[in-house]
K.L.:
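My questions will all concern the structure given below.
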Number of protein chains: 2
Amino acid sequence: MTRDTLGIVAGGGDLPRAVAESARDAGRGVFVLALMGLAGEWVQEFPHETVSLGEVGKALRLLKEHSCQEMLLLGRVDRPRFGDIKLDAKGALVAPRVIAAALKGDDALLRSLVDMFENAGHRVISVTNAAPGLIVREGVLGRIQPTPEQKADVAHGFAIVRAMGALDIGQAAVVCEGLVLAVEAAEGTDAMIKRVVNLREVVRGKPGKPRGVLVKAPKPIQDRKTDLPVIGVETVRNVAASYLAGIAVEADGALILDRARVVEAANAAGIFVMGVARANA
Amino acid sequence: MTRDTLGIVAGGGDLPRAVAESARDAGRGVFVLALMGLAGEWVQEFPHETVSLGEVGKALRLLKEHSCQEMLLLGRVDRPRFGDIKLDAKGALVAPRVIAAALKGDDALLRSLVDMFENAGHRVISVTNAAPGLIVREGVLGRIQPTPEQKADVAHGFAIVRAMGALDIGQAAVVCEGLVLAVEAAEGTDAMIKRVVNLREVVRGKPGKPRGVLVKAPKPIQDRKTDLPVIGVETVRNVAASYLAGIAVEADGALILDRARVVEAANAAGIFVMGVARANA
């Protein structure tokens, strides 16, 4: 059975492109609804239209015209200035509910958008479903294995990010020999990793002596249909530049962009990369 | 009744000096045991001796010689390099237990040191007891009052720092209109406040339009005898420089250094400073 065209509402970052390419490589038709000012130049490679934030009626019409029964919402949407939002009639109708949800946090906002598309007859599917090849599975990906002490830091890190996530704070933390070096909030994972080198040298790694692990997991309240933690070559580079020893993500709860290049970069930098099953994480 | 001489084991930062001065101003004798390389020049103003980390036998002998039945452990002790620790005979005896505690976190380390001094016959008292004038009480300290929305952020912030504290992560967070902008881990409160200006302008304050609050509270597992959150003029300066609107600490669970200057600086910067009762925090 040929599946219908996959609709992708695309914000910023690398994730929408990775999913679109993965679906196309699997032989599926893809239609991209690029969010103005957020989605990158890559959308030119796909059938696409551009909508502003708030043009909800236009978005629903285009998804219908392109027969996108299944769709995804993907990519970063920075909290917009109100002046950047162009509300069409349908947008004005749903705006109060969406704004109320946005004030409760990113996850509430996403859930309200998912509800809106599903109420319009679309099925919002998960990345796991649309692009299973991007999912990190259980086990070590590269050549480098974690030591028992690093595994203990990984376990501690998962306890931390679960607690953070339950409060809608962030998805990532850095732990080194039992000490929590950094916790992600609004700054994002890359900025968090980068500031570890500013800590006193005695608590962190240094050139030739990597220490500490990055742990990343979805928030318990996160809608896995629309958002999952992502690692890529840039993550490996940042981890190496902060002299960390490795990266652990939740197996089946994180995506990897450019898997082959990530593994190659991690091996070259002497960094382990692993998926840890949720029951063990 | 004249109280005996107060012994202060002094690490880095402003807190040991503030407590020593407060006790002296109240008419009490003070003896300072300065930790080598950590306590500042101010110890010259008091009867004092200097000990290295690990000179436990020497420290216990000096406290006994100066008749310090009551004592405090105060101030920052960065995780030392092992090479900086000079163990005397008594130090070598207690080192394994202290190191084991240190690996569990700063609070476990402090508790193990308190136990050690108490087993040697000293009474480790709290700052609340030794220098009650430094304690922040319930209510607004300066001229600026928080808005209802800022009070909601304060309440959210306390929920966050309690959860962080229970995991021995940190004592402080910044919340702005429901969004957690930053959480403190190993970098300390000042570094956390400073990074808020690096966030996208849409989620934070800007010149002339302060937004967001700093919330600071002791960890639930923190030994209030040895450690409490501290705010001072520097905190107000950093908060103002990150365009935050105010500071909230737990009433009876935080110290204020240079109260008059803090209030003056906060009034001048248009920043509220408040103590929130634990039951309401």
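Chain naming here is simple, since letters A, B, ... match the order of the sequence lines and numbering starts at 1 in each.
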K.L.:
Under 4.5 Å, counting heavy-atom pairs only, tell me which of A:Val196, A:Val174, A:Val183 racks up the most with chain B.
P.N.:
A:Val183
K.L.:
Counting only heavy atoms closer than 4.5 Å, note whether B:Arg195 contacts chain A via side chain, backbone, both or neither.
P.N.:
side chain
K.L.:
Flag the one option from B:Ala166, B:Ala182, B:Ala191, B:Ala185 with the top tally of heavy-atom pairs under 4.5 Å to chain A.
P.N.:
B:Ala185
K.L.:
With the side chain counted from C-beta on, respond yes when A:Leu53 and A:Leu35 share a heavy-atom pair under 4.5 Å apart, and no when they do not.
P.N.:
yes
K.L.:
With rounding to the nearest 0.5 Å, note down the distance linking NE2 in A:His156 to CG in A:Asp153.
P.N.:
8.0 Å
K.L.:
Does any N or O in the side chain of B:Lys216 come within less than 3.5 Å of the main-chain N or O of B:Val230, such that one atom is a donor and the other an acceptor?
P.N.:
yes
K.L.:
A quick test of your reading: do over 12 heavy atoms of other residues, nucleotides or ligands sit less than 6.0 Å from CG of B:Asp14?
P.N.:
no
K.L.:
In the structure I gave you, are the side-chain heavy atoms of A:Arg278 and A:Arg162 within less than 4.5 Å of one another anywhere?
P.N.:
yes
K.L.:
Under 4.5 Å from any heavy atom of chain A, what part of B:Leu199 do you find: side chain, backbone, both or neither?
P.N.:
side chain
K.L.:
In terms of heavy-atom pairs under 4.5 Å with chain B, which of A:Leu167, A:Asn198, A:Val175 leads?
P.N.:
A:Leu167
